[in-house]
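Contents: one structure, followed by commentary.
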Amino acid sequence: MSAAVVEAQPKSSWKRIGIVFACGGALFADGYVNAAGGASRYILKKAYPNSYTDHFGTLFSSLQFVGILIGQLMFGVLSDRIGRKPGMIFASIWIMFFSVLSGLAYGGNNPATLWRCLIAYRFLIGIGIGAEYPAGSVSASENTEDPGVNKKLQQSLLVLATNTAIDWGFVVAYLVPYICLQIFGENRLEWIWRLTLGFGAVSAFIVLFFRMSMSEPKLYQQNSMQNIPISNYPWGLIFKRYWSRLLGVCVAWAVYDWVAYPAGIYSSTIVDAIIPNGTMSQNLGWDILINFFYIPGTMIGACFVDLLGPKYTMMTGFICQAIVGFAMSAQYVTLQKHIAGFAVCYGIYLSFGEFGPGNNLGVLAAKATGPTAVRGIFYSIAAAVGKLFAFIATYVYTDIINDLGGAGTTKGDTGPVYIGSALSLFAAIVTFFLIPNIDADFMSREDELFREYLIANGFDVSVMGLTPLIDAETASGSDVAAAEKKEVEADVPPAELH
């Protein structure tokens with residue numbers, strides 16, 4: 001049977017935009033669940049001071065990272081092989097299920113059993129978070145090129161549906177325990193950490209219903225290679241054409257995560273100076289404010305991404321963040337005496353990070369690195385490289401800080417930020433030379449060029465695409481039957497229609 005797009009009539013722009021947000025909106029849950037780990041770990045330490053250990057805290061964080069890495073790589077392949085929709089549905093159900101289990105974790109009379117349960121759940125929920133990136137983000141990117149989406153807003157909608165959603169998840173992850181603390185007080189901390197962890201299921205539950213009724217993005221339906229074994233993909237031709245783009249995004253993502261780590265050093269400096277012996281309520285309140293610093297950057301950046309293009313918007317963010325980082329480090333001693341000014345500079349520093357790489361890495365990883373046939377795989381590689389280097393940074397920077405005099409010293413605190421700022425400039429250069437700028441319908445044009453490239457090199461493109469191509473939101477059973485009848489009457493071999 002040949003490829004036949006069955007669509008009664010175009011959906012309204014608002015409905016098409018809604019699909020983009022339903023694909024990427026679960027990243028709010030990812031941002032929330034990630035940040036909620038830090039908030040709940042802080043509360044658990046207060047709730048069980050006699051049994052909480054640093055070993056538990058390390059495993060609680062690091063095993064979630066391992067789960068994310070596994071989920072990214074596994075579902076990068078699966079999203080290309082079986083489809084974006086199954087991966088999105090899995091991610092929503094998985095995050096929802098293990099968020100609930102985390103909130104209900106029970107250790108009997110042995111606190112060590114509770115720690116083991118929570119560590120296991122963090123690892124497992126990490127798989128769902130990792131799955132969301134190559135499934136939800138990639139699907140959202142492909143749906144932005146739907147005919148019902150304004151071409152002047154394609155990149156900004158993707159930013160708002162993905163990175164902005166993640167950043168709001170960070171804020172809410174500290175807002176929830178803060179509100180719970182006001183309700184329950186410090187004498188009922190068990191309720192607070194349980195509700196904080198369990199709340200991660202809410203947004204995943206909401207988007208699940210929208211995802212169930214979706215069809216695969218049209219670009220995937222038209223250009224997938226799931227009909228052939230993955231070993232038969234023209235890998236040599238693919239990497240020959242796209243290696244530089246993939247390398248550029250991998251380097252930029254690795255640098256961004258390296259820069260994010262030393263940023264936390266100045267966060268601690270500001271909070272310790274303002275509230276050296278702060279209460280739980282004060283500490284959580286400042287955590288809300290610090291995470292809110294990301295919001296202006298991502299929101300303003302979304303307004304510029306279609307004007308400048310993701311490539312140049314990301315370069316602008318890298319360069320500006322580097323300038324502010326160098327300035328803050330050079331004036332570190334002075335800024336420590338003027339903490340309000342320090343907080344403002346730090347907020348600008350974080351905002352530029354979201355304005356540039358925070359917003360645009362996902363856009364470029366999804367749209368610029370390769371064709372639809374391997375988009376999930378390439379996206380997962382770039383995201384996994386970023387996560388891996390973030391993990392490495394936690395150990396490398398510890399040694400750097402110790403070599404420079406230790407935490408709390410001027411050199412120990414400013415050295416990593418100097419390094420991060422220099423790396424930001426390096427990432428801007430890499431972006432300029434290796435990553436193409438993208439505009440409206442870039443992926444559709446690239447898929448056409450990719451087909452021409454394959455044909456010119458002797459690859460049979462008739463194996464590409466799904467049969468039939470169905471729009472689940474508008475197609476009925478009679479539509480499908482009519483399309484099939486029309487194909488039979490036309491008596492055209494399937495290979496010629498791909």
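These numbers were taken from a predicted model, which means no experiment stands behind them.
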Under 3.5 Å donor-acceptor, Ser380 side chain and Ile377 backbone: yes
Backbone N/O of Ala373 and side chain of Asn223: donor-acceptor pair under 3.5 Å: no
Candidates Tyr332, Tyr349, Phe326 - the one meeting side chain to side chain contact (heavy atoms under 4.5 Å, CB included) with Val417: Tyr349
Minimum heavy-atom distance Met214-Ile19, with the two atoms named: CE-O, 3.8 Å
Ring centers of Trp258, Tyr397 separated by less than 6.0 Å: yes
Any donor-acceptor N or O pair under 3.5 Å, side chains Gln226, Tyr220: yes
Side chain Gln282, main chain Thr279, donor-acceptor under 3.5 Å: yes
Heavy-atom pair of closest approach, residues Ser79 and Gly76: OG-O, 3.2 Å
Sequence-distant partners of Arg41, salt bridge (Lys or Arg N to Asp or Glu O under 4.0 Å), two or more places apart: none
Exceeds 12 heavy-atom contacts within 6.0 angstrom, atom CG of Asp399: yes
Stepwise ring-ring contact (aromatic ring centres under 6.0 Å, His included) test for Phe75 and Phe90: CA-CA 10 Å; Phe75 280 87; Phe90 170 87; 4.7 Å; yes
pair Ile183-Arg188: side-chain heavy atoms closer than 4.5 Å: no
Close side-chain approach of Ile381 to Cys250, heavy-atom, < 4.5 Å: yes
Separation of Asp30 CG from Tyr133 OH (nearest 0.5 Å): 5.5 Å
CD1-CG distance between Ile288 and Asn283, expressed to the nearest 0.5 angstrom: 11.0 Å
Side-chain donor/acceptor of Glu216 to backbone N/O of Arg84, under 3.5 Å: yes
More than 12 heavy atoms from other groups under 6.0 Å of CZ on Phe389: no
Least distance between heavy atoms, Ala322 atom then Ser424 atom: CB-CB, 3.9 Å
Pairs where residues 300-320 contributes a residue and the test side-chain hydrogen bond (donor to acceptor under 3.5 Å, both in side chains) is met, not counting sequence neighbours: Ser156-Asp306
Side-chain heavy atoms of Tyr121 within contact of Leu197, under 4.5 Å: no
Asp441 bridged to Lys151 by N-O distance under 4.0 Å: yes
Side-chain donor-acceptor contact under 3.5 Å, Ser281 with Gln182: yes
side-chain contact (heavy atoms from CB on, under 4.5 Å) between Phe391 and Leu69, intermediate numbers included: CA-CA 11 Å; Phe391 185 71; Leu69 203 61; over 6 Å; no
Backbone of Pro357 reached by a side-chain donor or acceptor of Trp253 within 3.5 Å: no
Test side-chain contact (heavy atoms from CB on, under 4.5 Å) applied to Phe199 and Val172, step by step: CA-CA 10 Å; Phe199 189 78; Val172 176; 4.1 Å; yes
Pairwise side-chain contact, Val249 with Tyr379, heavy-atom cut-off 4.5 Å (strictly under): no
Which atom pairs, donor and acceptor, lie under 3.5 Å between side-chain atoms of residues 359-371 and protein residues at least two apart or in another chain?
from   : atom 1 : to     : atom 2 : distance (Å)
Asn359 : OD1    : Asn163 : ND2    : 2.8
Asn359 : OD1    : Thr298 : OG1    : 2.6
Asn359 : ND2    : Thr298 : O      : 3.0
Asn359 : ND2    : Glu354 : O      : 3.4
Asn360 : ND2    : Phe355 : O      : 3.3
Asn360 : ND2    : Gly356 : O      : 2.7
Lys367 : NZ     : Thr144 : OG1    : 2.9
Lys367 : NZ     : Gln155 : OE1    : 2.9
Thr369 : OG1    : Ala365 : O      : 2.7

Nearest non-hydrogen partners of Ser99 and Val33, listed with the distance: OG-CG2, 4.0 Å
Nearest atoms (heavy-atom pairs only) where Ala252 meets Thr431: CB-OG1, 4.2 Å
Steps toward ring-ring contact (aromatic ring centres under 6.0 Å, His included) verdict (Trp168, Tyr294): CA-CA 9 Å; Trp168 277 111; Tyr294 293 116; over 10 Å; no
Gap between atom CD of Glu132 and atom CD1 of Ile127 - 0.5 Å precision: 14.0 Å
Side-chain heavy atoms of Met280 within contact of Leu189, under 4.5 Å: yes
Salt bridge present between Glu145 and Lys218 (N-O < 4.0 angstrom): no
Distance-only donor-acceptor check, side chains Glu446 and Tyr242, under 3.5 Å: yes
Any donor-acceptor N/O pair, Ser351 side chain to Phe293 backbone, under 3.5 Å: yes
Ring centers of Phe209, Phe205 separated by less than 6.0 Å: yes
Check: Glu186 and Ile192 side chains under 4.5 Å, non-hydrogen atoms: no
Phe184 and Trp191 aromatic centres sub-6.0 Å: yes
Ring centers of Trp193, Tyr42 separated by less than 6.0 Å: no
With Tyr32, the side chain to side chain contact (heavy atoms under 4.5 Å, CB included) member among Leu175, Thr196, Ile95: Thr196
Whether Trp115 side chain and Gly57 backbone form a donor-acceptor pair below 3.5 Å: no
Polar side chain donor-acceptor pair, Ser92 to Arg211, under 3.5 angstrom: yes
Ring centroid separation Tyr52 to Phe56 under 6.0 Å: yes
Check: Ile295 main-chain N/O paired with Asp167 side-chain donor or acceptor under 3.5 Å: no
Minimum side-chain heavy-atom gap Glu190-Ile43 below 4.5 Å: no
Flag side-chain contact, heavy atom, 4.5 Å: Asp439 against Phe442: yes
side-chain contact (heavy atoms from CB on, under 4.5 Å) between Asn143 and Ser139, worked out: CA-CA 6 Å; Asn143 278 293; Ser139 183; 3.4 Å; yes
Criterion side-chain contact (heavy atoms from CB on, under 4.5 Å) on Leu219 and Ser444, from CA distance to verdict: CA-CA 7 Å; Leu219 285 177; Ser444 299; 3.5 Å; yes
Ser137 (side chain) donor-acceptor with Pro134 (main chain) under 3.5 angstrom: no
